[in-house]
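Each chain gets a letter, A, B and so on, in the order its sequence line appears, and its residues count up from 1.
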Amino acid sequence: MISSAEIVIIGGGISGCSTAYNLAKKGVKNIAVIEKSYITSGSTGRCGAGVRMQWGTEMNCKLAKKSIEFYENANDVLEYDGDVEFKQEGYLLIASTDKEMDQFHENVKIQNKLGIPSKILTLDEAKEIVPYLNTDILTGASYCGKDGFLNPFLTTDAFYRAAKRLGVEFYTYTQVLDIKVENGRVKSVITNKGEISTNIVVNAAGGYSKVISDMVNSELPVYSERHQILVTEPVEAMQAPMVMSFSLNLYCQQTPHGSFMMGRGDNREPRDLRITSSWEFLEQMAKTITEVLPPIGKLRLIRQWAGLYNMTPDKQPIYGKVNEVEGFYLAVGFSGHGFMFGPLTGVIISEMILEEEPTIDASMLNINRFKEGNLILEPSVV
Amino acid sequence: MNDENTIVCRCSDVTLKEVRDLIKQGYTTYDEIKRITRIGMGPCQGKTCGQLVLREISAATGKSIKELKLHMNRPPVVGVKLDLIAEEAKKND
């Protein structure tokens, strides 16, 4: 293990790998990424693999739009030998109440203003896109054909390999035990495989972000919450878009490989770091899917798993410096959508560290917004 | 034996060559190889391919199979139709 680094990034998910890649591309030498398990072992590799631009806040819309524009050319830009499997066959958001439809109208207005090609659909129009959709229980829908699917493992692998080619050192199966601070400045990162002295640390630890911030006594207003997903056997292509509902608590997409992935949240989940599987999830998921998309019920599930959402009070990420320690940066609190914002996270954090002109002004996503009461709540999260 | 024509993973048609190439590139755990190739993600959930992959990793790294890990076991043990689970679940409502 190297004994010193310009920058140490904690976390080998999409945020950490994308940040490492962007910094290295801008000429920073001597970057180390520390990952306690393997690349994508945390929230990135456990996510629902969907990417969408249909958000309810301007900031999330902007981050998502820029990220999707990046993903459209990711294989070329990252010079990837494989394929990140980007499929743009849309997100169909379905509403089950009138109030939810009102929200969709609000959201689509914001999205269209920012150039996102989303639109409101009638139930008949929704049925044209997904013919077996049970519209009896629905009030309407919104749709964006440029949203879609992306393979989290291969996308992160593409960033990882590109960063490695640019000289970034990756230490997998290496756990951060502590971070030394001296005179209010980050001094070094202590791992179970050695100590790396550094002036700059990026916390990109996903579900474990609070554990890392606690090491430098920096207060982080986030908690982690288990979310579960199941996957079916692969079948012939039968559903183009992701079908998603906030009120019915469901998302379900057919992957390019043919399997269906579906998930839902549970607001009774305890706030801890468990990623075990539960039978309650399986039962609720099976009931919901057979009601909303009946033919999917005929498929066999082959695996269920779980991952962590790292939740902030307004369900938008936290980017940037902290007050207590100099040289400590946050790329945390993605509240379930860190994978889809990955490309922009790397751009934003690298610009903040290098004090460059921002591509997107994300300064409102600083940590002080919670103390100052400048929360802008994202209404559209499953 | 031709590596390119030897299928290690019958669910996702992954060849022995692909596995050996990844090990050479530094993907030396089952979890890592799984995420790049889909090995262990199909209907068999690693029951067929798991031991074969571990044997390859063992041969390349010198670690004994005992030291190597398969992926985490997750439900269900075998594939089950979702509507059967929903039907049973409704009885408890």
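The candidate from B:Gln45, B:Glu32, B:Glu88 with the greatest count of non-hydrogen atom pairs under 4.5 Å with chain A is B:Gln45. Of the listed residues A:Gln304, A:Arg303, A:Gln284, the one with more heavy-atom pairs under 4.5 angstrom with chain B than any other is A:Arg303. Across A:Gly45, A:Ala286, A:Pro152, the residue that shares the most heavy-atom pairs under 4.5 angstrom with chain B is A:Ala286. Note on A:Ile289, A:Val231, A:Ile296, A:Ile275: by heavy-atom pairs under 4.5 Å with chain B, the leading option is A:Ile275. Ranked by heavy-atom pairs under 4.5 Å with chain A, the first of B:Ala89, B:Cys11, B:Ser12 is B:Ala89.
Neither the backbone nor the side chain of A:Ser41 comes within less than 4.5 Å of any heavy atom in chain B. Both the backbone and the side chain of A:Leu282 come within contact range of chain B, with heavy atoms under 4.5 Å apart. Interface residue A:Leu299: only backbone heavy atoms are found under 4.5 Å from chain B.
A donor-acceptor pair under 3.5 Å links the side-chain atoms of A:Glu233 to the main chain of A:Arg300, judged by distance alone. The backbone N or O of A:Asp272 sits nowhere less than 3.5 Å from a side-chain atom of A:Glu225 that would complete a donor-acceptor pair. Put simply, the side chain of A:Gln239 gets close to the backbone of A:Pro241: a donor and an acceptor are under 3.5 Å apart.
For the pair A:Lys36 and A:Tyr173, the cation-pi criterion (under 6.0 Å, within 45° of the ring axis) is not fulfilled.
Note on ring orientation: taking the six-membered ring where Trp is involved, the planes of A:His227 and A:Tyr309 are parallel (angle under 30°, cut-offs 30° and 60°).
In this structure, A:Ile39 and B:Arg35 have side chains that are not in contact, with every pair of non-hydrogen atoms separated by 4.5 Å or more.
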